[in-house]
Peer 1: 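Below are the structure tokens for one structure; questions will follow.
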Amino acid sequence: MAVAAAQKNREMFAIKKSYSIENGYPSRRRSLVDDARFETLVVKQTKQSVLEEARARANDSGLESDFIQDGVHIGNGDNSPTVEDGTQQDETKNGHLADADIGDDDAKGDEDYTLTEEEVILQNAASESSEAEQALQQAALLLHMRDGMGSLARILKTIDNYKGCVQHLETRPSQVTGVQFDALVKVSMTRINLIQLIRSLRQSTAFAGVNLLTENNISSKTPWFPRHASDLDNCNHLMTKYEPELDMNHPGFADKDYRERRKQIAEIAFAYKYGDPIPSIAYTEIENGTWQRVFNTVLDLMPKHACREYKAAFEKLQAADIFVPHRIPQLEDVSSFLRKHTGFTLRPAAGLLTARDFLASLAFRVFQSTQYVRHNNSPFHTPEPDCIHELLGHIPLLADPSFAQFSQEIGLASLGASDSEIEKLSTVYWFTVEFGLCKENQQLKAYGAALLSSIGELLHALSDKPELRPFEPASTSVQPYQDQEYQPIYYVAETFEDAKDKFRRWVSTMSRPFEVRFNPHTERVEVLDSVDKLETLIWQLNTEMLHLTNAVKKLKGSHFE
């Protein structure tokens, strides 16, 4: 029951569902951008449905059962003020405002009212367990007072009766007709008592409105995002699933054996958990043959058309006996290689993940990679990601420190981002990590994974046919893209460092009200939302600076000697 309640909470405000979106877009190429837009639409529909269900439950019985109006209890198990013991009968009735404020026969208290999103979140959080009910919650209440300042004393007494602590109180004249003052009251109290307090205040005719604003570090409307690498077990939702079974244009649609093979490999990915070794796949002779054809072609084109960082990493993968023509590398071997060079690791994915799930993984330096192979009838093209695209397109540059850092920064920027910002980040990813070009000795080179693993589009991108524009995240993020044919527009980065600098400045303008950092020692994303956390980080950075300063001094001393 507690798990269900927590999941319900996430469904409303996270781009993360308890089900897989099985139908993506019937296009030639699957993309994060398409999926981010489709995902936004589905989440809006899901969010509305969940809110309606929660409000219906609250109106039917959910909140009514929590509010005992005959003096039994307040909800925290303590000896709270009651009518029976005569405490505060002049101003409150079981913690509620006085009868004179409530109205005739408490009729208003029995009426249905619409819960706000914040209240639904609070109610779901409290319903997880008895411990969750008693967890302290900081919140701000905005009260519209009809009767002027005379209501303040009763408000404070009511909060006290519900075992709350007033941390801040301010008032101002209201601009609403029929309301004399607006009061902002910041309180700290248990969740269950906060729910009851809101209901109690709403029953009073002294207020024209009562609004809840939660204040626990991150806004209640911030989408859920993983905080530890183990949370990526919950980030495996697909936009497209078992494509050969859904798309008649897929090369494997009419191949029953291929479809079954894809399903078996996908199930292995679904069963994978954090900390497990990545299961090996016994690739068939046909699958290894498909890999060999693409591998040899990339090997021929790479010297002339790939950027130097890609070529350098490719050679290292060859030297480690991971990239060889005759067999498909195992993800566990590739993951170990990346960990040694840039700290990136792999985890198996069943298909194209939702945009938010995929980008969130990058924040932890985790790349979610498929393990199935494209159909052998179409070795140089695949309508969705497969392991050949992941391995030959993405892996070499994830072994480059500068590019790995850029990929992680895209992931960190996605944590807690709004739906529209996820779409923009996905578009930036599309035009950089997938289809990016860069300058090298005044010549164009490819660094995008979709280019380096797609022969036709690589040659098209480096021809005089498409339009080339300088990479600027603000304009790139809203540029329409082409997923049916080759791209008509490509964006060119001066260098990876220049691209990172521009990206950082653009990300700083996003609406997210907090900053995050990845702690590689704990594999945890830390939200920098308190002075204590910032002081700890500053101490760590000062320690690093001390080591660097000492190193410089020693190098200079050695040089003069």
Peer 1: Salt bridge between Arg261 and Asp257, side-chain N to carboxylate O under 4.0 Å?
Peer 2: no

Peer 1: Can you see whether Phe225 has Arg227 sitting over its ring - NZ or CZ less than 6.0 Å from the centre and within 45° of the normal?
Peer 2: yes

Peer 1: What pair of heavy atoms forms the shortest contact from Leu398 to Ser407, and how long is it?
Peer 2: CD2-OG, 3.9 Å

Peer 1: Decide side-chain contact (heavy atoms from CB on, under 4.5 Å) for Lys445 and Leu437; before the verdict, give the C-alpha distance in whole Å, the side-chain angles of both, and the deciding distance to 0.1 Å.
Peer 2: CA-CA 6 Å; Lys445 300 292 182 179; Leu437 297 173; over 6 Å; no

Peer 1: Between Glu526 and Arg517 (salt bridge meaning N to carboxylate O under 4.0 Å), is one present in this structure?
Peer 2: yes

Peer 1: Report the relative orientation of the aromatic rings in Phe503 and Phe406; use parallel for angles under 30°, tilted for 30 to 60°, perpendicular for over 60°.
Peer 2: perpendicular

Peer 1: Using the side-chain hydrogen bond (donor to acceptor under 3.5 Å, both in side chains) definition, which of the options Arg262, Lys256, Glu260 pairs with Tyr258?
Peer 2: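 Exactly one candidate clears the test, Arg262.
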
Peer 1: With a 4.5 Å heavy-atom cut-off, do Val492 and Pro470 have their side chains touching?
Peer 2: no

Peer 1: Measuring only between side-chain heavy atoms, which start at C-beta, is Phe403 closer than 4.5 Å to Thr432?
Peer 2: no

Peer 1: Report yes if the side chains of Gln292 and Asn296 come closer than 4.5 Å at any heavy-atom pair, otherwise no.
Peer 2: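 SC-SC contact between Gln292 and Asn296 confirmed.
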
Peer 1: Could you check whether any side-chain N or O of Ser477 sits under 3.5 Å from a backbone N or O of Pro473, counting only pairs where one atom can act as donor and the other as acceptor?
Peer 2: yes

Peer 1: What I want to find out is whether Asp321 reaches Arg327 closely enough, with some N-O distance under 4.0 Å, to be called a salt bridge.
Peer 2: yes

Peer 1: Looking at His389 and Ser453, what are the two nearest heavy atoms and their distance?
Peer 2: ND1-OG, 3.0 Å

Peer 1: Any side-chain heavy atom of Trp430 sitting closer than 4.5 Å to one from Thr476?
Peer 2: no

Peer 1: Looking at Lys273, is its backbone amide N or carbonyl O close enough to the side chain of Asp276 to form a donor-acceptor pair, meaning the two atoms are under 3.5 Å apart?
Peer 2: yes

Peer 1: Under the 3.5 angstrom rule, does the side chain of Ser463 hit a backbone N or O of His460 as a donor-acceptor pair?
Peer 2: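 Side chain of Ser463 to backbone of His460, a donor-acceptor pair under 3.5 Å: yes, one is there.
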
Peer 1: Just by modelled atom types, is the Glu497 backbone N or O under 3.5 Å from a matching donor or acceptor in the Asp501 side chain?
Peer 2: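 No, Asp501 side chain to Glu497 backbone: no donor-acceptor pair under 3.5 Å.
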
Peer 1: Tell me if a side-chain donor or acceptor on Thr509 pairs with a main-chain N or O of Arg505 at a distance below 3.5 Å.
Peer 2: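 Not a single qualifying donor-acceptor pair exists.
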
Peer 1: Give me the atom names and distance for the closest heavy-atom approach of Leu412 to Val516.
Peer 2: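 Heavy atoms of Leu412 and Val516 come nearest at O-CG2, 3.8 Å.
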
Peer 1: Is the gap between the ring centers of Tyr310 and Tyr447 under 6.0 Å?
Peer 2: no

Peer 1: Below 3.5 Å, can you tabulate the donor-acceptor pairs from side chains in residues 358-375 to any protein atom, sequence neighbours excluded?
Peer 2:
from, atom 1, to, atom 2, distance (Å)
Ser361, OG, Asp357, O, 3.0
Ser361, OG, Gln368, NE2, 2.7
Arg365, NE, Gln408, OE1, 2.7
Arg365, NH1, Thr342, O, 2.6
Arg365, NH2, Gln405, OE1, 2.7
Arg365, NH2, Gln408, OE1, 3.2
Gln368, NE2, Cys235, O, 3.1
Thr370, OG1, Asp386, O, 3.4
Thr370, OG1, Cys387, N, 3.2
Thr370, OG1, Glu390, OE2, 3.2
Gln371, NE2, Pro279, O, 3.1
Tyr372, OH, Pro385, O, 2.6
Arg374, NE, Asp386, OD1, 3.4
Arg374, NE, Asp386, OD2, 2.9
Arg374, NH1, Pro379, O, 2.8
Arg374, NH2, Asp386, OD1, 2.9
His375, ND1, Asn377, N, 3.1
His375, NE2, Asp255, OD2, 2.9

Peer 1: Establish, yes or no, whether the cationic atom of Arg469 lies under 6.0 Å from the six-membered ring centre of Phe471 and within 45° of the ring axis.
Peer 2: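 No, Arg469 does not lie over the aromatic ring of Phe471.
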
Peer 1: So, taking the atom named CD1 in Ile489 and the one named CG in Leu468, what distance separates them when rounded to the nearest 0.5 Å?
Peer 2: 10.0 Å

Peer 1: When you compare the side chain of Ile278 with that of Asp333, does any pair of heavy atoms fall below 4.5 Å?
Peer 2: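 Result no, sub-4.5 Å side-chain heavy-atom pair not found.
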
Peer 1: Would you check if the side chain of Asn441 reaches a backbone N or O of Gln443 as a donor-acceptor pair within less than 3.5 Å?
Peer 2: no

Peer 1: Roughly how far apart are Asp300 CG and Thr297 OG1, rounded to 0.5 Å?
Peer 2: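 Reported value, rounded in 0.5 Å steps: 6.5 Å.
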
Peer 1: Got a donor-acceptor contact below 3.5 angstrom from the Asn376 side chain to the Ile286 backbone?
Peer 2: no

Peer 1: Determine whether the side chains of Ser418 and Glu421 contain a donor N or O and an acceptor N or O closer than 3.5 Å.
Peer 2: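 Ser418 vs Glu421: donor-acceptor pair found between side chains.
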
Peer 1: In chain order, what residues pass the ring-ring contact (aromatic ring centres under 6.0 Å, His included) check against Tyr272, with sequence neighbours excluded?
Peer 2: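 ring-ring contact (aromatic ring centres under 6.0 Å, His included) list for Tyr272, sorted by chain: empty.
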
Peer 1: Would Glu409 and Lys500 count as a salt bridge (Lys or Arg N to Asp or Glu O under 4.0 Å) if you check the C-alpha gap in whole Å, the side-chain angles of each, and the deciding distance to 0.1 Å?
Peer 2: CA-CA 8 Å; Glu409 290 193 30; Lys500 283 196 295 183; 5.3 Å; no

Peer 1: Decide yes or no for Ile265 and Ile281: does some side-chain heavy atom of the first lie under 4.5 Å from some side-chain heavy atom of the second?
Peer 2: yes

Peer 1: Ala404 and Phe344: which non-hydrogen atoms are nearest, and at how many Å?
Peer 2: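 Closest approach of Ala404 to Phe344, heavy atoms only: O-CE1, 3.5 Å.
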
Peer 1: Hey, could you give me the CG/CD1 distance between Leu391 and Ile328, rounded to the nearest 0.5 Å?
Peer 2: 8.0 Å

Peer 1: Grab the two heavy atoms, one from Glu457 and one from Tyr486, that are nearest each other, plus how far apart they are.
Peer 2: OE1-CD2, 3.4 Å

Peer 1: Using side-chain contact (heavy atoms from CB on, under 4.5 Å), reason through Asp233 and Arg347 one step at a time and then give a plain yes or no.
Peer 2: CA-CA 10 Å; Asp233 289 345; Arg347 63 175 290 148; 3.0 Å; yes

Peer 1: So, do Ser414 and Ile422 sit near enough that their side-chain heavy atoms are less than 4.5 Å apart?
Peer 2: yes

Peer 1: Could you tell me whether the side chains of Gln479 and Thr427 share a donor-acceptor contact shorter than 3.5 Å?
Peer 2: no

Peer 1: Who are the ring-ring contact (aromatic ring centres under 6.0 Å, His included) partners of His305, not counting sequence neighbours?
Peer 2: none

Peer 1: Please lay out, stage by stage, how Leu452 and Leu392 fare under the test side-chain contact (heavy atoms from CB on, under 4.5 Å).
Peer 2: CA-CA 7 Å; Leu452 292 166; Leu392 294 179; over 6 Å; no

Peer 1: For the residue pair Tyr274 and His228, is the inter-centroid distance of their aromatic rings smaller than 6.0 Å?
Peer 2: yes

Peer 1: Work out which heavy atom in Asp231 is nearest to a heavy atom in Trp224; give both atom names and the distance.
Peer 2: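 What the structure gives for the nearest pair is O-CH2, 4.2 Å.
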
Peer 1: Given the side-chain rings of Tyr490 and Phe431, with only the six-membered ring counted for Trp, is the space between their centroids under 6.0 Å?
Peer 2: no

Peer 1: With rounding to the nearest 0.5 Å, note down the distance linking OG in Ser420 to CG in Leu425.
Peer 2: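 One gets 9.5 Å once the value is rounded to the nearest 0.5 Å.
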
Peer 1: Between the main-chain N or O of Pro303 and the side-chain N or O of Lys311, is there a donor-acceptor pair closer than 3.5 Å?
Peer 2: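 The answer is yes, because a donor-acceptor pair under 3.5 Å joins these two groups.
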
Peer 1: Would you say Glu434 and His394 are linked by a side-chain donor-acceptor pair, where the criterion is simply a distance under 3.5 Å?
Peer 2: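 His394 vs Glu434: donor-acceptor pair found between side chains.
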
Peer 1: Could you please spell out the steps behind the side-chain contact (heavy atoms from CB on, under 4.5 Å) verdict for Val527 and Leu415?
Peer 2: CA-CA 10 Å; Val527 179; Leu415 301 180; over 6 Å; no

Peer 1: Using a 4.5 Å cut-off on heavy atoms from C-beta on, say whether the side chain of Leu346 contacts that of Ile395.
Peer 2: yes

Peer 1: Working to the nearest 0.5 angstrom, can you tell me the gap between Leu338 CG and His341 NE2?
Peer 2: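 Nearest 0.5 Å value for the CG-NE2 distance: 8.5 Å.
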
